[in-house]
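One structure below.
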Amino acid sequence: MATRLRTVHTADLDPAELGAARALLDEAFGGDYDDEEWEHGLGGLHVLVSDERGLAAHGSVIQRRARYRKRWLRVGYVEGVGVRPDVRRQGLGGRVMAEIERIVDGAYDFGALSASDEGAALYRARGWQLWSGRLCALGPRGVVRLRDEEDCTFVRPAAAGPLNPKHKLVFDWRDGDVL
């Protein structure tokens with residue numbers, strides 16, 4: 001089956017393409033992909049893999065900021081990685097991630113993502129490291145610990161070099177992170 005990979009900014013996707021990406025993620029996550037999660041993946045670069053049936057795989061990388069030690073770092077945060085169920089286990093998720101990793105390595109201090117149980121094996125196999133340190137967000141009421149994210153957040157060192165988990169990561173706030 002012939003596939004085509006395309007990398008495009010959210011601003012350059014027409015409404016039909018955005019709708020197809022959202023529909024693919026709804027299907028890939030079995031209907032458990034909400035509007036907040038969708039919103040988190042907008043405003044950056046989308047990696048799209050298409051086949052003769054249409055969109056087959058998607059992932060996006062957006063910029064976030066994270067405080068590490070005494071610096072705010074640029075984070076290439078990975079969102080919305082999903083593959084259409086009928087073409088899973090054919091390497092399409094790996095193709096999406098290879099392009100995302102190229103972007104992270106070339107443009108960000110490090111990469112980060114929050115993995116589902118099903119997706120964690122893909123990221124581990126590609127060298128992403130489960131973050132063993134504390135995770136926080138700078139919320140409306142100050143710094144708040146993100147305990148639920150501490151067992152599923154992976155990082156990929158890039159321009160900043162290796163990150164020491166003895167120091168916490170404090171991510172910028174966004175809707176859905178802090179109640």
Determine whether [X] and [Y] fall in the same hydrophobic cluster, where Ile, Leu, Val, Met, Phe, Trp and Tyr are linked whenever their side-chain heavy atoms lie under 4.5 Å apart.
X      : Y      : value
Phe29  : Val49  : no
Val104 : Leu130 : yes
Ile103 : Leu48  : no

Review point. Is there a donor in the side chain of Glu149 and an acceptor in the side chain of Trp131, or the other way round, less than 3.5 Å apart?
Key: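 Absent: no donor and acceptor within the cut-off.
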
Point to revise | Polar side chain donor-acceptor pair, Thr7 to Arg102, under 3.5 angstrom | key: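 No - no donor-acceptor pair under 3.5 Å links their side chains.
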
Review point. More than 12 heavy atoms of other residues, nucleotides or ligands under 6.0 Å from CZ of Arg145: is that the case?
Key: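 Yes, enclosed.
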
Practice item. For atom CG of Asp14, decide whether the heavy atoms of other residues, nucleotides or ligands shown that lie under 6.0 angstrom number more than 12. Key: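 Atom CG in Asp14 is crowded, with more than 12 foreign heavy atoms closer than 6.0 Å.
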
Practice item. Have a look at Asp172 and tell me which of Arg65, Arg74, Arg64 forms a salt bridge (charged side-chain N to carboxylate O under 4.0 Å, His left out) with it. Key: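 Per the salt bridge (charged side-chain N to carboxylate O under 4.0 Å, His left out) rule, the option paired with Asp172 is Arg64, out of Arg65, Arg74, Arg64.
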
Exercise for review: Check whether any side-chain N or O of Arg88 sits under 3.5 Å from a backbone N or O of Ala28 as a donor-acceptor pair, and report yes or no.
Suggested key: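 Here the side-chain-to-backbone pair exists.
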
Would you call [X] and [Y] a side-chain contact if the rule is heavy atoms closer than 4.5 Å?
X     : Y      : result
Arg22 : Asp35  : yes
Pro85 : Glu27  : yes
Tyr77 : Arg174 : yes

Review point. Using the ring of each side chain (for Trp, its six-membered ring), is Tyr33 parallel, tilted or perpendicular to Trp38, with breaks at 30° and 60°?
Key: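 The rings of Tyr33 and Trp38 stand perpendicular, inter-plane angle above 60°.
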
Review point. Aromatic rings Tyr68 and His167: how do their planes relate, parallel, tilted or perpendicular, breaks at 30° and 60°?
Key: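 Plane angle over 60°, so perpendicular.
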
Review point. How far apart are the C-alpha atoms of Val75 and Tyr108, what are their side-chain angles, what is the distance that settles it, and do they pass the side-chain contact (heavy atoms from CB on, under 4.5 Å) test?
Key: CA-CA 6 Å; Val75 182; Tyr108 295 99; 5.7 Å; no

